[in-house]
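Whatever order the structure lists them in is the order used to number ligands and atoms, beginning at 1. Note that this is a predicted model, so its numbers are computed, not measured.
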Amino acid sequence: MGRVYNFSAGPAVLPEEVLQEAADEMLDYQGSGMSVMEMSHRSKVYDAIIKEAEADLRELMNIPDNYKVLFLQGGASQQFAMIPMNLMKNKKADYIVTGQWAKKAAKEAELYGEVNVVASSADKTFSYIPDCSDLPIDDDADYVYICENNTIYGTKFHTLPNTKGKTLVADISSCFLSEPVDVTKYGMLYGGVQKNVGPAGVVIAIIREDLITDDVLPGTPTMLRYKIHADADSLYNTPPCYGIYICGKVFKWLKKMGGLEEMQRRNVEKAKILYDYLDSSKLFHGTVEPSSRSLMNVPFVTGDKELDAKFVKEAEAAGFVNLKGHRTVGGMRASIYNAMPKEGVEALVAFMKKFEEENLK
Ligand SMILES: *Cc1c(COP(=O)(O)O)cnc(C)c1O
């Protein structure tokens with residue numbers, strides 16, 4: 001059996017150890033005589049799985065007691081609506097638009113209230129993070145919204161915006177658990193887990209308790225109220241049981257690896273290998289302003305569409321898959337999430353060097 005080096009932006013590579021463990025437990029989970037896929041979400045066995053997953057996540061991210069952890073469904077995209085429905089008390093919010101996902105979130109919020117785009121990097125194809133130290137934050141804004149790591153464009157907020165005391169809401173889908181985080185700086189953080197944590201189908205939302213109330217916009221469906229899920233410990237209805245179980249295994253893997261400090265050390269080391277090469281290459285170059293670079297998603301181009309396509313094709317044949325850039329950007333993108341080993345990045349750079357030698361005119 002051959003495993004490839006998978007640079008997909010999501011769903012993405014998972015730790016091989018986790019997949020192997022899940023395979024071993026597939027037919028009989030710890031003497032229960034059944035798969036986790038087959039058991040009641042109200043059973044004692046499953047209750048232990050979801051409780052342990054939450055406890056491990058709290059430990060990894062150092063989540064304070066006054067924050068709830070919710071395991072939800074509907075993808076990160078459903079949060080684009082749930083956030084305004086639950087948090088827009090004054091029907092006003094400020095959005096910082098640094099890419100497609102933030103843009104979509106802002107557009108969705110417009111269905112529910114007044115949205116002010118207080119900063120944007122659309123002028124340079126989202127290739128940088130704007131200065132957010134002194135933004136025209138609205139006095140009545142219910143929250144300030146960011147997408148912290150821009151999966152498509154490969155940028156990351158290395159400094160959080162100055163929200164002037166307003167609640168910060170962040171989509172952390174593609175930087176989830178990639179480095180330590182100070183949860184107290186946010187009112188809410190959330191992410192679809194299929195980028196850096198687990199299988200598609202699970203969204204994790206971490207929300208400060210005072211933001212979780214019954215005071216939601218009129219007509220908000222029961223299933224889209226944070227309070228309903230918080231009061232039921234994410235078991236209001238059937239949760240994405242199997243996905244949560246895999247996330248729990250990834251949390252244990254991260255703890256075993258040394259937690260988020262160690263993950264950050266590894267991610268910095270891995271990204272440096274790729275960025276250093278891109279900075280020295282005469283054929284390839286990165287598309288992002290260096291001070292805004294993401295540790296997780298690395299877009300690059302040759303400047304020649306045909307050569308880009310040739311590279312993607314030859315890379316795939318050599319076992320480096322999913323390197324094609326997002327359809328809106330073109331070129332290439334290597335997503336080098338937690339589960340991508342350093343050897344994978346080193347092998348990719350060796351392959352790129354060889355390609356450069358063969359194709360540089
Ligand atoms: C992938 C992604 C989304 C969309 O996720 P879905 O689960 O497909 O809705 C939103 N935000 C970011 C940052 C993403 O990377």
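- Shown in contact with T151 at under 4.0 Å from a heavy atom are these atoms of ligand 1, numbered in order with element: 12 (C), 13 (C), 14 (C), 15 (O).
- Each of the atoms 7 (O), 9 (O) of ligand 1 lies under 4.0 Å from some heavy atom of G75.
- Considering only non-hydrogen protein atoms, atom 9 (O) of ligand 1 sits nearest to S77 OG, 2.6 Å.
- Between K354 and E314, none of the side-chain N atoms (NZ, or NE/NH1/NH2) sits under 4.0 Å from a carboxylate O, so this pair counts as no salt bridge.
- Considering backbone and side-chain N/O atoms, A76 comes within less than 3.5 Å of an N/O atom of ligand 1.
- Heavy-atom separations between Q194 and ligand 1 include at least one value shorter than 4.0 Å.
- Judged by the shortest distance from any of its heavy atoms, C147 lies inside the 4.0 Å radius around the atoms of ligand 1.
- Closest to atom 12 (C) of ligand 1 by heavy atom, among V203, V193, D171, is D171.
- Using a 4.0 Å cut-off between charged nitrogen and carboxylate oxygen, E54 and R58 count as a salt-bridge pair.
- The pair E269-R265 counts as a salt bridge, with a side-chain nitrogen and a carboxylate oxygen less than 4.0 angstrom apart.
- For N86 and Y112, the side-chain atoms include no donor-acceptor pair closer than 3.5 Å.
- Salt bridge K256/E17: present, at least one basic N to carboxylate O contact under 4.0 Å.
- Of the protein's non-hydrogen atoms, K195 NZ, 2.4 Å is the one closest to atom 2 (C) of ligand 1.
- Under a 4.0 Å N-O distance rule, the pair K310/E306 does not qualify as a salt bridge.
- Distances shorter than 4.0 angstrom do not occur between any heavy atom of G192 and any atom of ligand 1.
- For the residue pair N150 / T98, a side-chain donor-acceptor distance below 3.5 Å is found, with atom types taken as modelled.
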